[in-house]
Peer 1: 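Sharing a structure below in structure tokens format, with a few things to ask.
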Amino acid sequence: MSFYTDFGAFIGSGSFADDIRKVVSSVKSNTASVLVTGERGSGKKKFAQFLHFSSSQYQDGFFAVNSCDFSEHIPVDFIDFIKKNGIEAKKMTVYIGQSEKLSSSIQLELLEFIKSVRRQQFDIRFVFGAENSIEESVEKGTFLKELFYCMSTLCVNIIPLRNRKEDISVLSDYFLNQFKKEHGSSVSVFSDSAKNEMQNYFWPGNISELRNAVERAVILCRSEQIKASDLGIIRSSSSGNLIQGELELVTEDKTLKTAIDSFKREYITKILEENGWNQTKTAQVLGIQRTYVIKLINELDIRKK
């Protein structure tokens with residue numbers, strides 16, 4: 001099956017999935033730039049693919065690069081490739097991952113390139129992925145404000161898997177069916193213990209980590225039912241949850257980010273409560289813009305109790 005037809009299963013069946021579908025439906029007929037934020041492994045690139053395949057007959061018109069693919073300058077062959085597709089009137093989506101790490105020189109070149117594409121009215125959409133907030137860099141002066149505005153006509157935040165547990169069973173079943181075919185396995189279901197383990201796990205590596213865990217289980221399982229032990233999840237009071245042999249670097253990186261996010265969530269919630277959940281007053285107390293407060297509320301999944 002194609003990625004497009006399977007995407008409903010990939011993003012899940014809860015309220016988050018509904019929100020994503022509504023966003024895609026509202027922008028698929030235009031070329032507005034989209035900034036997609038979310039933790040590593042949360043599905044930012046997958047969202048960009050879904051948006052492209054929802055709005056284009058050209059299934060090969062999706063092109064992805066990472067900020068680290070650009071050194072001091074944007075490669076000429078990259079620019080020529082994009083413009084060639086634009087001239088041929090092919091609908092195209094360009095996804096740039098880890099865009100918060102773009103160097104100053106690349107930021108300038110990218111801004112001019114986007115302006116050029118828009119002046120020529122090419123049917124090309126830019127989608128930018130970012131793990132960390134770019135607004136902070138804009139306020140510090142290390143990221144071009146004009147480029148940020150060009151990037152963020154629409155902002156979408158992919159919430160962590162641990163905050164949408166209702167989707168874990170849908171996603172795990174999706175991966176199970178995918179990998180049992182790929183590996184020729186006879187495994188067919190998850191045991192109750194495996195389901196409980198997945199529901200209670202923190203998933204610091206998000207969907208990518210869940211995918212790895214299910215594939216590992218399919219490969220190692222020697223029966224038709226996956227047990228909790230097949231998933232390879234290790235629980236440790238000192239180091240948190242880990243997938244054995246997988247995502248060590250991601251987990252180490254996310255341990256610090258998770259701690260920081262936890263502090264931000266608690267602190268911002270406290271200030272919001274002290275100010276009657278008035279976002280303008282909260283922004284003044286925190287010394288940041290109101291739009292950034294709103295962004296943090298969405299990113300950190302802060303809810304009024």
Side-chain angles (χ1 to χ4, degrees), residues 3-4 7 20-38 42-139 141-158 291 295:
F3 174 84
Y4 174 73
F7 196 86
I20 291 296
R21 293 188 185 95
K22 290 175 183 176
V23 167
V24 169
S25 177
S26 65
V27 301
K28 67 180 182 181
S29 60
N30 57 56
T31 58
S33 296
V34 182
L35 175 61
V36 190
T37 58
S42 57
K44 296 182 291 296
K45 182 179 175 182
K46 296 297 184 185
F47 167 82
Q49 288 176 309
F50 181 44
L51 178 55
H52 173 75
F53 294 147
S54 297
S55 58
S56 174
Q57 59 178 312
Y58 299 105
Q59 299 297 293
D60 59 349
F62 182 84
F63 186 72
V65 294
N66 199 290
S67 62
C68 63
D69 295 327
F70 303 142
S71 53
E72 297 180 0
H73 301 284
I74 299 177
V76 175
D77 56 351
F78 170 81
I79 295 175
D80 291 343
F81 175 76
I82 303 301
K83 287 189 173 182
K84 178 178 181 293
N85 279 270
I87 292 171
E88 293 176 352
K90 288 186 177 180
K91 194 171 186 67
M92 187 175 190
T93 298
V94 180
Y95 174 77
I96 301 178
Q98 293 187 303
S99 54
E100 75 274 25
K101 296 182 180 180
L102 290 167
S103 66
S104 298
S105 59
I106 296 296
Q107 289 176 35
L108 284 167
E109 291 185 6
L110 184 58
L111 176 60
E112 293 306 313
F113 179 54
I114 294 174
K115 287 181 177 180
S116 173
V117 167
R118 290 180 175 176
R119 281 196 301 269
Q120 297 177 72
Q121 297 183 328
F122 290 150
D123 198 0
I124 297 174
R125 183 199 305 278
F126 289 90
V127 180
F128 301 89
E131 291 180 27
N132 302 310
S133 172
I134 296 180
E135 284 194 3
E136 290 183 2
S137 299
V138 171
E139 292 179 356
T142 57
F143 200 96
L144 283 177
K145 182 180 294 185
E146 188 177 0
L147 175 59
F148 172 69
Y149 291 148
C150 282
M151 294 166 56
S152 55
T153 303
L154 177 70
C155 295
V156 176
N157 181 55
I158 308 296
T291 54
K295 186 178 182 65

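As the structure is a prediction and not an experimental result, all values here were calculated from the model.
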Peer 1: With rounding to the nearest 0.5 angstrom, report the CD to CD distance, Glu146 to Glu112.
Peer 2: 7.5 Å
Peer 1: Starting from the C-alpha separation in whole Å, work towards a yes-or-no answer on side-chain contact (heavy atoms from CB on, under 4.5 Å) for Ile158 and Ile20.
Peer 2: CA-CA 9 Å; Ile158 308 296; Ile20 291 296; 4.0 Å; yes
Peer 1: Supply the atom-to-atom distance Ser137 OG to Gln107 CD, rounded to the nearest 0.5 angstrom.
Peer 2: 8.0 Å
Peer 1: Just verifying a value: how many Å separate Leu35 CG and Glu100 CD, rounded to the nearest 0.5 Å?
Peer 2: 9.0 Å
Peer 1: If you look at every heavy atom in Asp77 and Pro75, which pair is closest and at what distance?
Peer 2: OD1-CB, 3.0 Å
Peer 1: Is there a donor-acceptor pair under 3.5 Å between the side chain of Lys44 and the backbone N or O of Gly38?
Peer 2: yes
Peer 1: From Arg118 CZ over to Cys150 SG, what is the distance, rounded to the nearest 0.5 angstrom?
Peer 2: 5.0 Å
Peer 1: Would you say the side chain of Phe128 lies within less than 4.5 Å of the side chain of Leu110, judging by non-hydrogen atoms?
Peer 2: yes
Peer 1: Which heavy atom in Arg125 sits nearest to a heavy atom in Val27, and how many Å separate them?
Peer 2: NH2-O, 2.7 Å
Peer 1: What I'd like to find out is whether the side chain of Lys295 reaches to under 4.5 Å of the side chain of Thr37, using heavy atoms alone.
Peer 2: yes
Peer 1: Is any side-chain heavy atom of Met92 closer than 4.5 Å to a side-chain heavy atom of Phe81?
Peer 2: yes
Peer 1: Tell me the closest heavy-atom pair linking Ala64 and Lys45, and the distance in Å.
Peer 2: CB-CE, 3.8 Å
Peer 1: Are Phe78 and Asp69 packed together at the side-chain level, in the sense that at least one heavy-atom pair is separated by less than 4.5 angstrom?
Peer 2: no
Peer 1: Using the test salt bridge (charged side-chain N to carboxylate O under 4.0 Å, His left out), find all partners of Glu136 that sit at least two apart in sequence or belong to another chain.
Peer 2: Lys264
Peer 1: Verify side-chain contact (heavy atoms from CB on, under 4.5 Å) between Ile134 and Met151, making sure each step is shown before the conclusion.
Peer 2: CA-CA 10 Å; Ile134 296 180; Met151 294 166 56; 3.6 Å; yes
Peer 1: Between CD of Gln98 and SG of Cys68, what distance do you get to the nearest 0.5 Å?
Peer 2: 6.5 Å
Peer 1: For residues Leu51 and Tyr95, determine if any side-chain heavy atom of one lies less than 4.5 Å from a side-chain heavy atom of the other.
Peer 2: no
Peer 1: Hey, does Phe53 have a side-chain heavy atom less than 4.5 Å from the side chain of Thr93?
Peer 2: no
Peer 1: With heavy-atom distances below 4.5 Å as the criterion, would you say the side chains of Lys83 and Phe113 are in contact?
Peer 2: yes
Peer 1: As an exercise, state the distance from CD of Glu139 to CZ of Phe148, rounded to the nearest 0.5 Å.
Peer 2: 9.5 Å
Peer 1: Flag the pair Thr31 / Ile124 as yes when at least one side-chain heavy-atom distance between them is below 4.5 Å, and no otherwise.
Peer 2: no
